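One structure below.
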Amino acid sequence: MVDFAITFALTVMVLLMVLNLGGLLLWVERKGSAVLQDRIGANRAAIFGRLPFNLGIVNTLIADPIKLFTKENFVPHGADKLLHTLAPIIALVPVLMTFIVIPFGDVLIIGERVIPLQAADLNVGLLYILAMVSLGVYGVVLGGWASNNRWALLGGIRGSAQMISYEIPMGLSLVAVVMTFGSLNLQEIARAQGQLIGGWIPAWGILYQPVAFLIFMAAGIAESKRVPFDLPEAESELISGYFTEYSGAKQATFMLVDFIEVIIVAGLVTTLFFGGWQVPFLLRDGFHFPWGTVIPLPSLVVALLQVGAFTLKVLFFCWLQIMIRWTLPRFRYDQLMNLGWKGLIPLSLANVMLTALLLLLF
Amino acid sequence: MDHVTFFALALPLIVVATMVVVHPSPVYSALFLVMTLFLLAVYFLFLDAHMVAALQIIVYAGAIMVLFLFVIMLLNLQTEPREQQRRGLRRAALIGGGILVLELFLLLRRLPTGDTPEQALPAGFGTVQALSERLFTDFLLPFEITSILLLVAMVGAVVLAKRQG
């Protein structure tokens with residue numbers, strides 16, 4: 001019973017963290033893009049009066065969501081009503097389910113009880129994530145098809161082709177990572193990165209697999225359908241792509257899915273390549289510095305430090321993706337396919353071969 | 001797997017599998033097929049075959065069915081009116097289905113009756129390690145032959161596509 005309650009609490013905690021971060025990213029994206037482009041950005045409904053710089057918090061985090069969720073629920077004429085309504089939900093469920101296998105800390109020891117800071121410890125964790133990511137495409141395809149709009153249909157078709165294409169380099173880059181760490185369990189991969197190379201450098205995944213990191217990052221951004229890979233929505237060609245005919249709460253759900261996908265990519269990059277929840281030199285009982293100093297810490301402090309480190313890393317990679325989104329122009333469709341099939345797939349295959357060779361030699 | 005879980009899963013599985021064939025709209029048929037594959041993955045989960053369940057979703061629900069939908073949308077297939085269904089096809093389906101039911105009946109009669117005692121699973125059953133070990137030792141030859149077969153199919157598709165263009 002207690003075990004069940006703990007698992008339930010962890011799951012709810014992960015869910016709330018992700019949903020809140022998704023909302024927060026909306027603010028980062030709108031205000032961040034304004035800063036990048038030297039605009040003022042969202043500046044209405046300030047609560048703090050005349051600060052020197054209006055943060056636009058009420059605007060993006062309160063006023064906009066209220067507006068979106070109170071709008072009329074509109075289904076275009078001739079559209080498939082059931083699927084039009086279901087599509088945003090089908091898009092949302094798998095991306096929310098992804099997070100339960102991402103570890104956000106090592107273990108928390110309270111008395112006799114050892115609580116792993118991960119909602120579900122799956123032996124096939126990485127495969128589970130690939131499965132959920134591959135299901136994400138249905139929301140896009142069905143949204144595009146059910147709208148009875150040719151732009152939306154084109155967006156849906158583009159989305160399905162793009163996401164299938166980029167799943168392959170994504171999976172292949174993960175194969176190299178799995179070969180390095182010898183496990184599909186994300187918690188074990190995170191733990192393995194706590195070792196030190198030569199007693200000084202933390203053995204984070206990026207040091208072993210720099211190429212896989214670049215491939216995974218590119219494929220991840222392509223999977224989340226953001227610039228430079230946002231061909232499924234391409235405003236200049238397809239109005240808004242697969243969600244052209246969506247408004248109000250359903251459109252807000254699609255936007256939320258977009259931001260949650262950013263968090264997924266950030267969380268996976270952190271876990272696989274940047275040590276996950278590892279803080280350098282921090283072991284379960286405190287800091288062990290290479291020059292011999294030992295600072296013992298209670299389990300709760302260690303757990304808080306780890307969760308804090310994980311959150312910071314995830315926030316950094318979310319920010320990085322938003323910066324990329326507002327820096328680069330959009331690919332052309334043939335360039336997108338060429339990059340995926342002729343660039344990333346051969347590169348990731350070569351990376352797998354090289355990893356195998358190096359593992360055999362050393 | 002106890003009887004309650006089995007029937008709680010089997011009933012919806014049969015319903016959605018029937019809907020794949022019965023529903024007139026190709027898109028809905030494809031979606032029901034996705035649901036069928038999904039429920040099958042749940043079956044594998046209950047049988048402790050976690051890796052097979054994950055692969056079932058990645059390969060079938062996540063990739064192959066997306067391609068199905070892609071093709072349906074690309075060709076813009078519409079809902080098929082009943083009258084257009086061909087007579088001969090219906091007759092062939094009736095004969096084929098009849099033979100299948102007969103075979104199932106014969107098979108069911110040969111099954112042992114009564115509960116078979118539950119056997120303990122070997123340690124690590126269904127994990128990636130256990131499955132890969134079997135694949136690369138006992139089943140190495142079939143495994144490699146299958147991959148060559150897939151390669152041949154891929155090359156064949158490319159050759160056919162090139163000849164057309």
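Computed from a prediction, not measured in an experiment: that's the story for all the values here.
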Counting N and O atoms only, with roles assigned by atom type, does the side chain of A:Tyr138 sit under 3.5 Å from a partner on the main chain of B:Ala61, one being a donor and the other an acceptor? yes
Are side-chain heavy atoms of A:Tyr128 and B:Ile57 found at a separation under 4.5 Å? no
Minimum heavy-atom distance A:Leu127-B:Met51, with the two atoms named: CD1-CG, 3.9 Å
Residue pair A:Leu83, B:Leu31: steps toward the side-chain contact (heavy atoms from CB on, under 4.5 Å) verdict: CA-CA 10 Å; A:Leu83 285 184; B:Leu31 287 178; 3.7 Å; yes
Name the region of B:Leu67, side chain, backbone, both or neither, that has any atom closer than 4.5 Å to a heavy atom of chain A. both
Measure the spacing between CE of B:Met73 and CG of A:Leu142 and express it to the nearest 0.5 Å. 5.5 Å
Could you go through A:Val124 and B:Leu55, starting from their C-alpha distance and side-chain angles, then the distance that decides it, and tell me whether this counts as side-chain contact (heavy atoms from CB on, under 4.5 Å)? CA-CA 10 Å; A:Val124 288; B:Leu55 289 181; over 6 Å; no
At a heavy-atom separation under 4.5 Å, does A:Val137 approach chain B through its side chain, its backbone, both, or neither? side chain
Counting a contact as any heavy-atom pair under 4.5 Å apart, which residues of residues 151-163 of chain A contact chain B? A:Leu153, A:Ile157, A:Ser160, A:Ala161
Closest non-hydrogen atoms of B:Ala54 and A:Ala131, given as atom of the first, atom of the second and distance, are O-CB, 4.2 Å
In short, A:Ile164 meets B:Ala63 closest at the heavy-atom pair CD1-O, 3.7 Å
What part of B:Val59 lies closer than 4.5 angstrom to a heavy atom of chain A: side chain, backbone, both or neither? neither
Select all residues of residues 340-355 of chain A having any heavy atom within less than 4.5 Å of some heavy atom of chain B, and report them by number, or 'none'. none
Flag yes if more than 12 heavy atoms outside B:Tyr60 fall under 6.0 Å of its OH atom; otherwise flag no. no
Using the rule given for side-chain contact (heavy atoms from CB on, under 4.5 Å), can you reason through B:Ile72 versus A:Trp145, listing the C-alpha separation, both sets of side-chain angles and the distance that settles it, and then say yes or no? CA-CA 10 Å; B:Ile72 290 173; A:Trp145 181 79; 5.7 Å; no
B:Met65 CE to A:Leu135 CG distance, which is reported to the nearest 0.5 Å: 12.0 Å
Counting heavy-atom pairs under 4.5 angstrom with chain B, the leader among A:Ser134, A:Gly144, A:Gly136, A:Ala146 is A:Ser134
